[in-house]
A.B. asks: 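The structure under discussion is supplied below as structure tokens; questions concerning it will follow.
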Amino acid sequence: MAKQRAKLVVGNWKMHGRLADNKVLLQAVSQGADALPEYVGVGVCVPCPYLPQAQALLNGGRVAWGVQDVSAHAQGAFTGEVAAAMAAEFGASYAIVGHSERRAYHLESAELVATKTQRALEAGLTPIVCVGETLVQREAGDTERVVGMQIDEVLAALSPDDTARIVVAYEPVWAIGTGKTASAEQAQAVHAFLRARLAAKSEAAAERVALLYGGSVKPDNAEHLFRQQDIDGGLIGGASLKHLDFLAICQAAVAANAVR
Ligand code: PEP
């Protein structure tokens with residue numbers, strides 16, 4: 001029988017939310033997550049101003065919280081930036097780094113993403129390192145070269161022990177917010193490639209690191225994706241803003257483990 005790994009489902013709220021709406025969403029997610037088995041981890045990455053609210057409403061429950069980016073600097077004259085240690089002060093567990101929207105709109109390089117990964121780890125956060133190819137790159141047969149370069153830059157900056165402390169999210173750019181999902185087979189192929197890249201750095205880390213899939217994951221496609229051998233859960237954008245959808249995706253993680 002295939003080996004069972006713990007599952008992890010993390011929401012990326014992006015720049016969405018208002019205090020009153022967040023309260024309803026966080027309370028519903030927290031309540032629903034209480035019914036999940038231990039082996040399914042749940043998190044939500046909120047806009048920074050809502051960290052105190054997430055902390056107040058989620059503290060002591062099953063749902064961890066985090067941020068969607070951190071500065072590459074520990075502190076200093078960097079107007080508008082948020083240090084990883086600041087997020088940690090509000091009990092954050094996760095920091096997304098290298099999301100394709102940051103790479104595209106803020107021209108973040110693979111090197112910068114590697115530095116942000118280090119800053120997150122230093123602050124005690126778990127970095128969720130996003131990698132993924134554009135449609136043009138996929139169609140040119142460049143997927144492995146692109147995601148390989150993105151992950152290798154991060155791995156080169158980390159010790160084997162620190163490598164075991166990251167989460168990696170494969171998010172094909174063409175599938176984010178578009179309604180187009182990579183097929184489970186396409187996603188599994190890239191996840192297996194990423195697992196092998198991790199193993200080249202450290203076999204132990206490759207076993208431990210959760211590899212999440214992200215890109216238009218919805219309740220109706222999540223289970224099939226999560227059933228794949230190297231898909232350990234999901235990074236969920238749009239569907240994380242609706243508690244019923246997000247919780248249904250968490251339930252898909254339970255169902256996927258049951259049939260593997
Ligand atoms: C994301 O932004 O990380 C994401 C996966 O978005 P969506 O689920 O909306 O495609």
Side-chain angles (χ1 to χ4, degrees), residues 7-17 21-22 25 29 41-48 50 54 63-70 92-106 108 113 116-117 120 125-135 137-138 143 146-147 150-151 154 166-184 186-188 190-191 194 210-226 228 230-253 256:
K7 287 282 193 284
L8 177 63
V9 179
V10 179
N12 171 16
W13 285 11
K14 311 196 188 203
M15 199 174 70
H16 292 289
D21 298 338
N22 302 347
L25 177 57
V29 167
V42 184
V44 288
C45 290
V46 302
C48 283
Y50 299 134
V63 182
W65 57 98
V67 289
Q68 301 165 17
D69 182 37
V70 289
S93 296
Y94 294 107
I96 296 172
V97 292
H99 191 280
S100 61
E101 287 153 15
R102 303 283 324 166
R103 293 185 196 256
Y105 307 145
H106 301 272
E108 293 196 0
V113 173
K116 289 184 173 198
T117 304
L125 304 181
T126 298
I128 301 176
V129 180
C130 298
V131 299
E133 82 287 3
T134 64
L135 189 57
Q137 290 165 335
R138 173 164 281 268
T143 299
V146 171
V147 301
Q150 291 171 339
I151 196 67
V154 171
I166 70 172
V167 167
V168 176
Y170 168 55
E171 297 208 313
V173 179
W174 48 272
I176 295 180
T178 59
K180 284 187 200 151
T181 321
S183 70
Q186 284 173 320
Q188 165 58 26
V190 179
H191 280 234
L194 288 167
L211 294 181
L212 310 185
Y213 170 78
S216 298
V217 178
K218 306 285 179 223
D220 61 358
N221 60 21
E223 185 184 331
H224 189 46
L225 286 159
F226 296 169
Q228 306 305 308
D230 290 294
I231 300 184
D232 303 318
L235 183 57
I236 318 299
S240 70
L241 298 170
K242 299 179 192 147
H243 75 271
L244 289 176
D245 283 1
F246 189 60
L247 289 169
I249 292 169
C250 295
Q251 284 297 345

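Whatever order the structure lists ligands and atoms in, that order sets their numbers, starting from 1. We're numbering straight along the sequence, starting at 1.
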A.B. asks: What's the shortest distance from atom 6 (O) of ligand 1 to any protein heavy atom, and which residue and atom give it?
C.D. replies: G237 CA, 3.3 Å

A.B. asks: Taking atom types as modelled and ignoring hydrogens, do the side chains of W174 and E133 form a donor-acceptor contact shorter than 3.5 angstrom?
C.D. replies: yes

A.B. asks: With the threshold set at 4.0 Å, does a side-chain nitrogen-carboxylate oxygen contact exist between R102 and E108?
C.D. replies: yes

A.B. asks: Heavy-atom contact check, 4.0 Å cutoff: does S100 meet ligand 1?
C.D. replies: no

A.B. asks: Can you find a side-chain donor-acceptor pair between Q228 and H191 that sits under 3.5 Å?
C.D. replies: no

A.B. asks: At less than 4.0 angstrom from any non-hydrogen atom of N12, what atoms of ligand 1 do you find?
C.D. replies: 1 (C), 2 (O), 3 (O)

A.B. asks: Any chance you could measure I231, atom CD1, to F226, atom CZ, to the nearest 0.5 Å?
C.D. replies: 8.5 Å

A.B. asks: Salt-bridged, D245 to K218, with N to O below 4.0 Å?
C.D. replies: no

A.B. asks: Quick one: does Q188's side chain have a donor or acceptor within less than 3.5 Å of a partner on D230's backbone?
C.D. replies: yes

A.B. asks: Give a yes/no on ligand 1: does A239 have at least one heavy atom closer than 4.0 angstrom to it?
C.D. replies: no

A.B. asks: What protein heavy atom sits nearest atom 3 (O) of ligand 1, and how far off is it?
C.D. replies: E171 OE2, 2.8 Å

A.B. asks: Near G215, which atoms of ligand 1 are under 4.0 Å from a heavy atom of that residue?
C.D. replies: 5 (C), 10 (O)

A.B. asks: Just distances here: any N/O of E101 and N/O of ligand 1 closer than 3.5 Å?
C.D. replies: no

A.B. asks: Need the ligand 1 atom indices (1-based, order shown) with element for anything under 4.0 Å from a heavy-atom of A175.
C.D. replies: 10 (O)

A.B. asks: Under 4.0 Å from ligand 1, counting heavy atoms only, is it the side chain of I176, its backbone, both or neither?
C.D. replies: both

A.B. asks: H99 near ligand 1, heavy-atom distance under 4.0 Å?
C.D. replies: yes

A.B. asks: What atoms in ligand 1 come closer than 4.0 Å to a heavy atom of G238?
C.D. replies: 7 (P), 8 (O), 9 (O)

A.B. asks: Rounded to the nearest 0.5 Å, how far apart are CD1 of I249 and NZ of K7?
C.D. replies: 14.0 Å

A.B. asks: Below 4.0 angstrom from a heavy atom of G177, which ligand 1 atoms are there? Numbered from 1 as shown, please.
C.D. replies: 7 (P), 9 (O), 10 (O)

A.B. asks: Checking S216 side chain against G179 main chain: does a donor-acceptor pair fall under 3.5 Å?
C.D. replies: yes

